[in-house]
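Proteins get letters first, then strands, A, B, ... in listed order; numbering begins at 1 in each. In what follows, every heavy atom counts, from backbone to side chain, and hydrogens, waters and symmetry copies are set aside.
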Amino acid sequence: MLTSKPRGTNDIIPGETELWQKIEAIITSLARNYGYREIRTPIFEHTELFLRGVGENTDIVDKEMYTFEDKGGRSLTLRPEGTAAVARAYLENKMYAWPQPVKMYYLGPMFRHDRPQAGRYRQFHQFGVEIFGTSHPASDAEVIHLCMAFYQLIGLENLELHINSVGCPQCREILRQKLMAYFESHRNDLCSICRQRVERNPLRILDCKNKICRDAGKDAPTPLDCLCQECRDHFASVRRYLDVQQIAYIVNPRLVRGLDYYTKTAFEVIAPDIGAQSAIGGGGRYDGLVETCGGPHIPGVGFAIGLERTISVIRKQGLEQETHRLMAFVAMAGDTEDVATRIIYTLRQAGVSCDRDYIGRSLKAQMKYASKINAKYVVIVGEDELARGNVTLRDMDTGKQYEVELDKLVAEIKSNTC
RNA sequence: GUGGGCUUAGCUCAGUUGGUUAGAGCGCCAGACUGUGGAUCUGGAGGUCGCGGGUUCGAGUCCCGCCGUCCACCCCA
């Protein structure tokens, strides 16, 4: 259909872009404030990057990638997330030779071929940050702090920060063994889906929403039970930093993140009341990722925030602010278009936003239109006033109006608004 | 990929047991003694009833398929 957008995509139209721009402005200044610099990577990458970076057994790679062949027969994929590409760019641009750590942020569209629903789209937008080159727990905490600071600046309330540690690969393997053994003996108490998970992905049984599985998994080992000493210390340290920064969090031993590259710290921000897809942001540490992409062993930590979901919370909580209004509408009464045109030019030069009628409306209709577009002032350029060297300035909020000399118009509007 | 709901004007929705030219509210455009918005009143424009089949003398209405959309599952932002 010529008149319908591809499934799961969205037009962001006037009336909405204002909010996006505001969020983008917050992101830019916030990231700079924390010492992050922007990176812009391609919208598509070699498919291989995501296969290895994100993990072949993840759902993202398994069934959600927009993969296509270019004319040279190369397999390319629209990026389903940001971290793998940033890791690639880190290596390709030899950033390991830069002063470490390297702190970067990105902002842009991601693509996943999912079935759309509330809070889930095939093209959606993420704001994310990455720190490469340090495994210091303070960097985990900083990333979490930055994440929460973003929501705070946006004005969101009632968010839950869940944190956990999924350990290093060694801890994870121990956990896997323990879980398989545990759920093997509780197999009959699981839902049909989780029964299949026992061998395939026992970790996910932990956060199954089914009550039966919750009960069955009540005494199951969690990642926290299997941490090695190093991972245990790291997690404790991250928590201390969070405490020092007075960030409220919930330790959720059942928090398991879906992407293969996560190690140690994992966190997720939950917003109740926006439907089933309530995770508005999440992240964690990925010490193995750069190595997986063919580089040296370089630790990393970061997060990604879903902008559509964030906006959904903004709307739910009634936080949308009024947009910038047009300062002046220049209305014409009689044969005054030449003068009006010059006035518009002068106003715009002076930084006063203004507009005019283009379809030959009557003065009344021009007033009506000015009112509808919520202009602050109407400048009435009429023959009578012009004879006196004046125009009429009408305040559309108060309804008061008076004549102003032509060359004092800009100053008059500016003095009233500043 | 799986399941369920929904599809009539720009938007929200009516539309009788199937029966002539498919309606309302809001919005849009205009008018109410010709230079003044919001209120009120009046008028106007705007619909292949999502698409394709089928049943019927006759389908917006009943049946089937498809598309789209919404919600949920899986999973994730």
Side-chain angles (χ1 to χ4, degrees), chain A residues 1 3-10 54-55 57-65 79-83 107-128 147 191-194 196-197 200-201 203-204 207-210 255-259 262 268-271 274-283 303-313 329 331-336 357 359-386 391-401:
Chain A
M1 262 296 175
T3 54
S4 70
K5 55 190 160 51
R7 192 165 201 201
T9 62
N10 284 116
V54 178
N57 295 319
T58 60
D59 268 30
I60 288 180
V61 169
D62 212 38
K63 57 178 195 183
E64 295 171 7
M65 294 211 302
R79 62 182 186 193
E81 56 95 55
T83 303
L107 172 63
M110 306 294 166
F111 306 84
R112 292 184 200 171
H113 193 105
D114 240 342
R115 186 103 168 235
Q117 71 180 79
R120 169 178 293 150
Y121 307 100
R122 292 186 171 178
Q123 174 174 338
F124 60 100
H125 296 77
Q126 286 187 334
F127 156 49
C147 181
C191 71
S192 59
I193 302 162
C194 282
Q196 295 166 5
R197 286 180 174 143
R200 227 184 45 152
N201 194 357
L203 289 205
R204 287 231 66 94
D207 62 358
C208 179
K209 282 143 197 157
N210 202 315
L255 174 61
V256 177
R257 311 224 72 228
L259 283 56
Y262 284 111
E268 206 161 84
V269 181
I270 308 292
I274 58 164
Q277 308 308 321
S278 57
I280 60 174
F303 68 69
I305 286 172
L307 262 29
E308 280 81 359
R309 289 184 186 178
T310 300
I311 285 171
S312 169
V313 181
F329 184 85
M332 294 162 277
D335 184 19
T336 61
D357 170 64
I359 55 182
R361 276 191 260 242
S362 66
L363 179 61
K364 187 189 185 81
Q366 291 181 66
M367 297 299 293
K368 206 167 190 170
Y369 176 74
S371 177
K372 270 178 196 145
I373 64 173
N374 193 30
K376 168 76 175 151
Y377 292 102
V378 170
V379 177
I380 299 169
V381 186
E383 289 173 344
D384 297 351
E385 299 95 315
L386 280 185
V391 292
T392 295
L393 183 63
R394 180 181 178 89
D395 185 321
M396 294 298 275
D397 295 335
T398 64
K400 287 178 182 158
Q401 67 179 54

Chemist: Using the C1' atom as the point on both nucleotides, what is the distance between G1(B) and C62(B), in whole Å?
Modeler: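 33 Å, rounded to whole Å.
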Chemist: Mind checking if Gly128(A) touches a base, just sugar-phosphate, or nothing, with heavy atoms under 4.0 Å?
Modeler: nothing
Chemist: For atom C1', what is the distance between A45(B) and A30(B), given to the nearest Å?
Modeler: 10 Å
Chemist: Which heavy atom in Gly82(A) sits nearest to a heavy atom in Gln126(A), and how many Å separate them?
Modeler: N-OE1, 4.1 Å
Chemist: Search all heavy atoms of Gly119(A) against all heavy atoms of Gln277(A) and return the closest pair with its distance.
Modeler: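 Gly119(A) and Gln277(A) have their closest heavy atoms at O-CB, 4.2 Å.
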Chemist: Taking atom types as they are modelled, is there a donor-acceptor pair under 3.5 Å from the base of U36(B) to the side chain of Gln366(A)?
Modeler: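 No, no donor-acceptor pair under 3.5 Å.
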Chemist: Looking at every strand, decide which applies to Gly399(A) at a 4.0 Å heavy-atom threshold: base, sugar-phosphate, or nothing.
Modeler: base
Chemist: Below 4.5 Å, heavy atoms only, C-beta onward: do Lys376(A) and Asp397(A) meet side chain to side chain?
Modeler: yes
Chemist: Side chains of Leu393(A) and Asp395(A): does their closest heavy-atom pair fall under 4.5 Å?
Modeler: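 Side-chain contact under 4.5 Å: no.
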Chemist: I'd like the C1' distance from C71(B) over to G46(B), given in whole Å.
Modeler: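 It works out to 32 Å between them.
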Chemist: Tell me the interatomic distance from Arg122(A), atom CZ, to G1(B), atom C1', rounded to whole angstroms.
Modeler: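 After rounding, the reported distance stands at 11 Å.
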Chemist: So do Pro80(A) and Met110(A) actually touch side chain to side chain, heavy atoms under 4.5 Å?
Modeler: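 No, every pair of side-chain atoms sits at 4.5 Å or beyond.
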Chemist: Could you give the distance from OG (Ser362(A)) to CE (Met367(A)), rounded to the nearest 0.5 Å?
Modeler: 11.0 Å
Chemist: Rounded to the nearest Å, what distance is computed from the CZ atom of residue Arg120(A) to the P atom of nucleotide C74(B)?
Modeler: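 Whole-Å distance recorded here is 10 Å.
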Chemist: Phe303(A) CZ to A77(B) P: how many Å, rounded?
Modeler: 13 Å
Chemist: RNA chain B in dot-bracket, Watson-Crick or G-U pairs under 3.5 Å, [ ] crossing, | other strand?
Modeler: ((((((...((((.....[...)))).(((((.......))))).....(((((..]....))))).))))))....
Chemist: Check every strand shown and say whether Ile305(A) touches a base, only sugar-phosphate, or nothing at a heavy-atom separation below 4.0 Å.
Modeler: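 Contact class for Ile305(A): none.
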Chemist: Between Gln366(A) and Arg361(A), which heavy-atom pair has the shortest distance, and what is it?
Modeler: NE2-O, 3.2 Å
Chemist: Side-chain N or O of Arg112(A) less than 4.0 angstrom from OP1 or OP2 on C75(B)?
Modeler: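 It does not, given that no N or O in the side chain of Arg112(A) lies less than 4.0 Å from OP1 or OP2 of C75(B).
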Chemist: Between C74(B) and G68(B), how far apart are the C1' atoms? Round to whole Å, please.
Modeler: 22 Å
Chemist: Measuring from the side chain of Gln126(A) (C-beta onward, heavy atoms only), which nucleotide among A77(B), G35(B), C71(B) has the closest atom?
Modeler: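 Of A77(B), G35(B), C71(B), A77(B) is nearest to the side chain of Gln126(A).
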Chemist: Side chains of Pro109(A) and Arg79(A), heavy atoms from C-beta outward: is any pair under 4.5 Å?
Modeler: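 Side chain of Pro109(A) against side chain of Arg79(A), heavy atoms only: contact under 4.5 Å found.
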Chemist: Look at the side chain of Lys63(A) and the base of C75(B), then say whether one donor and one acceptor between them are separated by less than 3.5 Å.
Modeler: no
Chemist: Please name all residues satisfying side chain to side chain contact (heavy atoms under 4.5 Å, CB included) with Asn10(A), sequence neighbours left out, ordered by chain then number.
Modeler: Lys5(A), Tyr121(A)
Chemist: Within this structure, what is the CG-to-P distance between Asp357(A) and G35(B), rounded to whole angstrom?
Modeler: 15 Å
Chemist: Between G15(B) and G38(B), how far apart are the P atoms? Round to whole Å, please.
Modeler: 35 Å
Chemist: Do any side-chain nitrogens or oxygens of Gln117(A) fall under 4.0 Å of OP1 or OP2 in C70(B)?
Modeler: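 For C70(B), neither OP1 nor OP2 has a side-chain N or O of Gln117(A) closer than 4.0 Å.
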Chemist: Check every atom of G3(B), G37(B), G35(B) against the side chain of Arg115(A) and return the nucleotide holding the closest atom.
Modeler: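 Per side-chain heavy atoms of Arg115(A), the pick is G3(B).
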Chemist: Nearest of C75(B), G35(B), A72(B) to any side-chain atom of Ala276(A)?
Modeler: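 Taking heavy atoms from C-beta onward, the closest nucleotide is A72(B).
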Chemist: Remember a base hit wins even if backbone is also touched, and classify Glu383(A) as base, sugar-phosphate or nothing at under 4.0 Å, heavy atoms.
Modeler: base
Chemist: Determine the interatomic distance between P on C66(B) and the same-named atom on G25(B); round to the nearest Å.
Modeler: 39 Å
Chemist: How many Å lie between CD on Glu64(A) and P on C73(B), as a whole number?
Modeler: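 After rounding, the reported distance stands at 14 Å.
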Chemist: With a 3.5 Å cut-off and heavy atoms only, can you find an N or O donor on one side and an acceptor on the other between the side chain of Gln277(A) and the base of C75(B)?
Modeler: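 Indeed, a donor on one side and an acceptor on the other fall under 3.5 Å apart.
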Chemist: Does Glu385(A) get its side chain close enough to the base of G35(B), under 3.5 Å, for a donor-acceptor pair?
Modeler: yes
Chemist: Could you tell me whether Gly382(A) contacts a base, only the sugar-phosphate backbone, or nothing, with contacts defined as non-hydrogen atoms closer than 4.0 Å?
Modeler: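 Result for Gly382(A) = base.
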Chemist: Verify the distance criterion only: is there a donor paired with an acceptor across the side chains of Thr392(A) and Glu385(A) at less than 3.5 Å?
Modeler: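 Yes, a side-chain donor-acceptor pair sits under 3.5 Å.
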Chemist: Ser371(A) has a side chain; which of G38(B), G35(B), C73(B) sits nearest to it?
Modeler: G38(B)
Chemist: Are Val379(A) and Phe329(A) close enough that some pair of their side-chain heavy atoms sits under 4.5 Å apart?
Modeler: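 The answer is no, as the side chains (C-beta and beyond) never meet within the 4.5 Å cut-off.
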Chemist: From CD1 of Ile280(A) over to C1' of C75(B), roughly how many Å is that when rounded to an integer?
Modeler: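 Rounding to the nearest Å, CD1 of Ile280(A) and C1' of C75(B) are 18 Å apart.
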Chemist: By the 4.0 Å heavy-atom rule, please label Glu308(A) as base, sugar-phosphate, or nothing.
Modeler: nothing
Chemist: Can you tell if the side chain of Arg112(A) reaches within under 4.5 Å of the side chain of Phe124(A), non-hydrogen atoms only?
Modeler: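 The answer is yes; the side chains approach within 4.5 Å.
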Chemist: Roughly how many Å apart are C57(B) and U7(B), using the P atom of each and rounding to a whole number?
Modeler: 28 Å
Chemist: Just the table, please: protein N/O against nucleotides 27-34 of chain B N/O, every pair under 3.5 Å.
Modeler:
| unit_1 | atom_1 | unit_2 | atom_2 | d |
| --- | --- | --- | --- | --- |
| C29(B) | OP2 | Lys372(A) | NZ | 2.9 |

Chemist: Which whole-number value in Å describes the distance from Asn374(A) CG to G37(B) P?
Modeler: 17 Å
Chemist: So what does Ala370(A) touch, heavy atoms closer than 4.0 Å: a base, only the sugar-phosphate, or nothing?
Modeler: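 No contact at all - Ala370(A) keeps every heavy atom at 4.0 Å or more from the nucleic acid.
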Chemist: Atom CE of Met332(A) to atom P of U36(B): distance rounded to whole Å?
Modeler: 16 Å
Chemist: For A14(B) and C73(B), measure between their P atoms and round to the nearest Å.
Modeler: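 Their P atoms lie roughly 28 Å apart.
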Chemist: Could you pick out which residue, Arg7(A) or Phe124(A), lies toward the 5' side of RNA chain B when each is mapped onto its nearest nucleotide?
Modeler: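 Of the two residues, Arg7(A) wins.
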